[in-house]
Q: 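Quick one: the structure is below, and I'll ask about it shortly.
Start at 1 with the first residue, then count along the sequence. FYI, side chains are in, hydrogens and waters are out, and symmetry mates aren't considered; it's all heavy atoms of this structure.
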Amino acid sequence: MAAAKQVNIAIIGAGGVGKCFLGQLETLGQRRASPKLVLTYISTSKKAIYHSDYAAIATNDVTSSLASSSQAPLAPPKLIEYLKSSGAKAVLVDNTSSQDVADAYPLFLSNGISIVTPNKKAFSGSYKLWQDIFNAAEQSGAKVYHESSVGAGLPVISTLNDLVNTGDEVTKIEGVFSGTMSFLFNSFAPTSGKGGQWSAEVKKAKELGYTEPDPRDDLNGLDVARKLTILARLAGLEVESPTSFPVQSLIPKELESVATGDEFLEKLPAFDSQMEETKAAAEKEGKVVRFVGSIDVATKQVKVGLEKFDLSHPIAALKGSDNIISFYTKRYGSNPLIIQGAGAGGEVTAMGVTSDLLKVLSQIA
């Protein structure tokens with residue numbers, strides 16, 4: 001088969017990760033002569049840029065061009081038609097967290113369009129969607145990579161795939177999978193010193209940009225549950241959804257239905273005593289409390305919530321907003337393979353996406 005001289009890139013999403021990815025794509029294009037990477041389509045939820053003759057879109061000022069564009073985004077079937085009609089190989093880069101885009105993955109893949117994405121919803125939604133995505137890729141030969149759906153740019157998924165594909169037996173996966181939760185508990189219950197009040201630490205985390213606009217979207221544990229669902233499935237468990245196993249929410253029942261995130265933060269101090277008791281109980285045992293996810297592959301148990309750890313445990317000793325993921329396997333015995341580092345942030349998340357793009361290019365071009 002002749003090597004593809006050109007690969008068309010279609011990007012959906014130009015927010016935080018999307019902007020970082022555009023910068024990395026520009027650098028990549030300068031560093032690699034072949035295949036030529038041509039940005040032929042880019043869209044946000046409301047606007048798009050594309051040309052009927054597939055002329056390259058300049059990446060350097062694309063965000064301002066998007067803002068002033070009068071073109072509307074193409075619906076997935078139309079975008080597939082557009083990309084297929086070019087005659088060149090195409091890769092869809094989905095930098096959104098959209099369920100609608102995720103639902104269209106099987107359609108893109110069955111039409112030979114490869115996908116790289118940090119979108120967790122595609123791989124932690126229904127088990128049927130998971131099956132449809134990988135079945136479509138297998139049948140068409142299109143590739144799908146989603147390293148940044150767990151741990152941003154950390155090599156979590158590729159490591160797990162390597163363990164499984166080389167025949168190792170993964171027995172347990174455990175870790176801190178949320179940069180937000182990592183930061184909160186490292187500040188609230190540090191291994192040395194007293195730590196701050198829970199509500200004050202949540203407020204500080206929001207001000208620093210670590211939490212979602214409404215902190216409850218982090219504190220409900222669902223983000224961690226999505227990541228655990230993805231890893232459990234890759235380890236061979238047929239997990240139906242992120243709500244099909246125990247997930248501990250740190251939102252006080254009384255505050256679940258308040259109207260806004262600001263109102264939630266305003267009322268949270270009244271519930272500090274609950275978290276203080278949890279912290280004190282751990283301290284009595286000479287331990288610290290952390291918000292972790294764990295997958296016991298043998299018993300098929302998946303859970304997310306608070307656990308107590310000895311001060312010497314790697315999970316207790318985390319700093320800042322780092323993630324840590326421990327893989328316990330037959331080969332590695334009682335000493336797990338540990339991956340640790342920044343698990344959030346635009347540049348590192350985009351790095352995972354760019355790295356996935358390179359993997360796709362090595363296979364299709």
Q: For Gln24 and Glu347, indicate whether the former's side chain and the latter's backbone hold a donor-acceptor pair under 3.5 Å.
A: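 Side chain of Gln24 to backbone of Glu347: a pair is present.
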Q: Check the pair Glu207, Lys203 against salt bridge (charged side-chain N to carboxylate O under 4.0 Å, His left out), reporting the backbone distance first and the verdict last.
A: CA-CA 6 Å; Glu207 285 163 359; Lys203 189 166 183 280; 3.1 Å; yes
Q: Show your working on salt bridge (charged side-chain N to carboxylate O under 4.0 Å, His left out) between Asp322 and Lys319 and close with a plain yes or no.
A: CA-CA 6 Å; Asp322 274 8; Lys319 296 282 184 281; over 6 Å; no
Q: Ignoring hydrogens and geometry beyond distance, is a side-chain donor-acceptor pair present between Glu174 and Ser326 at under 3.5 Å?
A: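 Checked: Glu174/Ser326 side chains show no N/O donor-acceptor pair below 3.5 Å.
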Q: Do Glu263 and Lys267 meet the salt-bridge criterion of a basic N to acidic O distance under 4.0 Å?
A: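 Yes.
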Q: Please check if any side-chain donor atom of Gln99 sits under 3.5 Å from a side-chain acceptor atom of Asp103, or the reverse.
A: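 Asp103 and Gln99 do have a side-chain donor-acceptor pair below 3.5 Å.
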Q: Is there a path from Ile157 to Leu237 through hydrophobic residues (I, L, V, M, F, W, Y) whose side chains come within less than 4.5 Å of each other?
A: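 Linked, Ile157 and Leu237 end up in one cluster.
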Q: Between the side chain of Lys121 and the main-chain N/O of Ser98, is any donor-acceptor distance below 3.5 Å?
A: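 Such a contact is absent between Lys121 side chain and Ser98 backbone.
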Q: Can you see which heavy atom on Pro242 is nearest to which on Ala225, and at what distance?
A: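 Minimum heavy-atom contact is O-CB, 3.6 Å.
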Q: What do the steps show when you test Met181 against Leu250 for side chain to side chain contact (heavy atoms under 4.5 Å, CB included), and what is the final call?
A: CA-CA 10 Å; Met181 292 300 209; Leu250 300 186; 4.1 Å; yes
Q: Would you confirm whether Ser182, through its side chain, and Ser178, through its main-chain N or O, come within 3.5 Å as a donor-acceptor pair?
A: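 Side chain of Ser182 to backbone of Ser178: no pair is present.
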Q: Determine whether the side chains of Thr166 and Asp168 contain a donor N or O and an acceptor N or O closer than 3.5 Å.
A: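 Asp168 and Thr166 do not have a side-chain donor-acceptor pair below 3.5 Å.
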Q: Can you measure from CG (Asn165) to OG (Ser158) and round to the nearest 0.5 angstrom?
A: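 Rounded to the nearest 0.5 Å, the CG-OG separation comes out at 11.0 Å.
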Q: I'd like to know if the side chain of Tyr54 pairs up with that of Gln6 as donor and acceptor (distance under 3.5 Å, no hydrogens or angles considered).
A: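 No donor-acceptor contact under 3.5 Å links the two side chains.
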Q: Can you measure from CD (Glu138) to OG (Ser110) and round to the nearest 0.5 angstrom?
A: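 Taking CD in Glu138 and OG in Ser110, the distance rounds to 13.5 Å.
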Q: Passes side chain to side chain contact (heavy atoms under 4.5 Å, CB included), Lys308 versus Glu285? Steps please.
A: CA-CA 9 Å; Lys308 292 179 276 198; Glu285 296 177 39; 2.7 Å; yes
Q: Over all heavy atoms of both residues, which pair between Pro118 and Asn95 is shortest? Give the atoms and the distance, please.
A: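 Shortest heavy-atom separation between Pro118 and Asn95 comes out as CD-OD1, 3.7 Å.
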Q: Are the side chain of Glu147 and the backbone N or O of Val156 linked by a donor-acceptor pair below 3.5 Å?
A: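 Looks like yes, one N/O pair under 3.5 Å.
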Q: Quickly, which of Thr229, Asp223, Val247 forms a side chain to side chain contact (heavy atoms under 4.5 Å, CB included) with Val304? Name it, please.
A: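 Of the listed options, the one satisfying the test is Val247.
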Q: Relative to the ring of Phe188, is the ring of Phe185 parallel (under 30°), tilted (30 to 60°) or perpendicular (over 60°)?
A: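 Geometry flag for Phe188 against Phe185: perpendicular rings.
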Q: Is there a path of hydrophobic side-chain contacts, each under 4.5 Å between heavy atoms, that joins Leu79 and Val91?
A: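 In one cluster: no.
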Q: Is the number of heavy atoms from other residues, nucleotides or ligands within 6.0 Å of OH (Tyr332) greater than 12?
A: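 Atom OH in Tyr332 is not crowded, with 12 or fewer foreign heavy atoms closer than 6.0 Å.
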Q: Begin with the C-alpha distance, continue with both residues' side-chain angles, and end with the deciding distance and a verdict on side chain to side chain donor-acceptor pair (under 3.5 Å) for Tyr105 and Thr117.
A: CA-CA 10 Å; Tyr105 285 6; Thr117 182; 3.1 Å; yes
Q: Is there a side-chain contact between Thr171 and Thr329, using heavy atoms and a 4.5 Å cut-off?
A: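 With C-beta onward as the side chain, the pair stays apart.
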Q: Kindly say whether Met351 contributes a backbone atom to a donor-acceptor pair with the side chain of Ser355 at under 3.5 angstrom?
A: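 Not at all, since once roles are kept as given, no pair shorter than 3.5 Å links the two residues.
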Q: Under 4.5 Å between side-chain heavy atoms, hopping through other hydrophobics if needed: is there a path connecting Ile115 to Ile364?
A: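 No, no single cluster joins them.
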Q: Roughly how far apart are Leu337 CG and Leu163 CG, rounded to 0.5 Å?
A: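 It comes to 6.0 Å.
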Q: Does the side chain of Ser86 come under 3.5 Å of the side chain of Asn8 through a donor N or O and an acceptor N or O?
A: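 Short answer, yes.
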Q: Could you pull out the closest heavy-atom pair between Leu66 and Ala14, with the gap in Å?
A: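 Answer, listing the atom of Leu66 first, then Ala14: CD1-CB, 3.9 Å.
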Q: Looking only at side chains, do Gln274 and Asp272 share a donor and an acceptor under 3.5 Å apart?
A: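 Short answer, no.
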Q: What are the two closest heavy atoms between Leu154 and Gly341, and how far apart are they?
A: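 Between these two residues, the closest heavy atoms are CD1-O, 3.6 Å.
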Q: Should Thr299 and Asp296 be marked as a side chain to side chain donor-acceptor pair (under 3.5 Å) after you check the CA-CA gap, both sets of side-chain angles, and the distance that decides it?
A: CA-CA 6 Å; Thr299 61; Asp296 188 318; 3.3 Å; yes
Q: Cation-pi check for Tyr328 against Lys172: NZ or CZ below 6.0 Å from the six-membered ring centre and within 45 degrees of the axis, yes or no?
A: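 Satisfied, under 6.0 Å and within 45°.
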Q: Could you check whether the rings of Phe134 and Phe123 sit parallel, tilted or perpendicular, using 30° and 60° as the cut-offs?
A: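 Taking Phe123 first and then Phe134, their aromatic rings sit tilted (interplane angle of 30° to 60°).
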Q: Please find the pair of heavy atoms, one from Ile57 and one from Tyr41, that lie closest to each other, and give the distance.
A: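 Closest heavy-atom pair between Ile57 and Tyr41: CD1-N, 3.6 Å.
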Q: Please determine if Glu307 and Arg290 form a salt bridge, counting it only when a charged side-chain N lies under 4.0 Å from a carboxylate O.
A: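 Not counted as a salt bridge, because no side-chain N and carboxylate O are separated by less than 4.0 Å.
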Q: Under 3.5 Å, is there a donor-acceptor pair between the side chain of Gln340 and the main chain of Ile324?
A: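 Looks like no, no N/O pair under 3.5 Å.
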Q: More than 12 heavy atoms of other residues, nucleotides or ligands under 6.0 Å from CD of Gln131: yes or no?
A: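 Atom CD in Gln131 is crowded, with more than 12 foreign heavy atoms closer than 6.0 Å.
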Q: Is a side-chain N or O of Ser69 found less than 3.5 angstrom from the main chain of Ser65, in a donor-acceptor match?
A: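 Flag not set: sc Ser69 to bb Ser65 has no pair under 3.5 Å.
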Q: Counting only N and O atoms by type, is there a donor-acceptor contact under 3.5 Å from the side chain of Gln71 to the main-chain atoms of Tyr50?
A: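 Side chain of Gln71 to backbone of Tyr50, a donor-acceptor pair under 3.5 Å: yes, one is there.
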Q: If you group Ile, Leu, Val, Met, Phe, Trp and Tyr by side-chain heavy-atom gaps below 4.5 Å, do Leu107 and Ile12 land in one group?
A: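 Cluster IDs for Leu107 and Ile12 match.
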Q: With distance as the sole test, does Arg216 use its side chain to make a donor-acceptor pair with the main-chain N or O of Glu256 at under 3.5 Å?
A: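 Looks like yes, one N/O pair under 3.5 Å.
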Q: Let's go through Leu184 and Tyr210 carefully: what are the C-alpha distance in whole Å and the side-chain angles of both, what is the deciding distance for side chain to side chain contact (heavy atoms under 4.5 Å, CB included) to 0.1 Å, and is it a yes or a no?
A: CA-CA 9 Å; Leu184 278 174; Tyr210 284 123; over 6 Å; no
Q: Could you check whether any side-chain heavy atom of Leu129 comes within less than 4.5 Å of a side-chain heavy atom of Pro106, counting everything from C-beta outward?
A: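 The answer is yes; the side chains approach within 4.5 Å.
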Q: What verdict does the side chain to side chain contact (heavy atoms under 4.5 Å, CB included) test give for Leu160 and Val170, after you've listed the backbone C-alpha separation in whole Å, the side-chain angles of each residue and the deciding distance to 0.1 Å?
A: CA-CA 8 Å; Leu160 178 54; Val170 179; 3.9 Å; yes
Q: Using a 3.5 Å distance criterion without hydrogens, assess whether the side chain of Lys227 forms a donor-acceptor pair with backbone atoms of Phe177.
A: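 Between the backbone of Phe177 and the side chain of Lys227 there is a qualifying donor-acceptor contact (under 3.5 Å).
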Q: Thr354 versus Leu25: any side-chain heavy-atom pair under 4.5 Å?
A: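 Counting from C-beta outward, Thr354 and Leu25 never come under 4.5 Å.
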Q: Which atom names give the shortest non-hydrogen contact between Pro73 and Ala48, and what distance separates them?
A: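 Heavy-atom minimum between the residues: CA-CB, 3.7 Å.
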Q: Distance from Asp217 atom CG to Thr211 atom OG1, nearest 0.5 Å?
A: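 Asp217 CG to Thr211 OG1: 9.0 Å, rounded to 0.5 Å.
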Q: Just so I know, are the side chains of Pro35 and Leu361 near enough to count as touching, which here means a heavy-atom distance under 4.5 Å?
A: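 A side-chain contact exists here, since the closest heavy-atom pair is under 4.5 Å.
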Q: If hydrophobic clusters are built from ILVMFWY residues whose side chains come within less than 4.5 Å, do Val93 and Leu74 share one?
A: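 No, Val93 and Leu74 fall in different hydrophobic clusters.
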Q: Could you grab the distance from atom CG of Asp61 to atom OG1 of Thr63, nearest 0.5 Å is fine?
A: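 Between atom CG of Asp61 and atom OG1 of Thr63 there are 7.5 Å.
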Q: So, taking the atom named OG1 in Thr260 and the one named CG in Leu265, what distance separates them when rounded to the nearest 0.5 Å?
A: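 Atom-to-atom, Thr260:OG1 and Leu265:CG are 8.5 Å apart.
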Q: Mark yes when over 12 heavy atoms from residues, nucleotides or ligands other than Lys303 sit less than 6.0 Å from its NZ; otherwise mark no.
A: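 Check fails, neighbour count at 12 or below.
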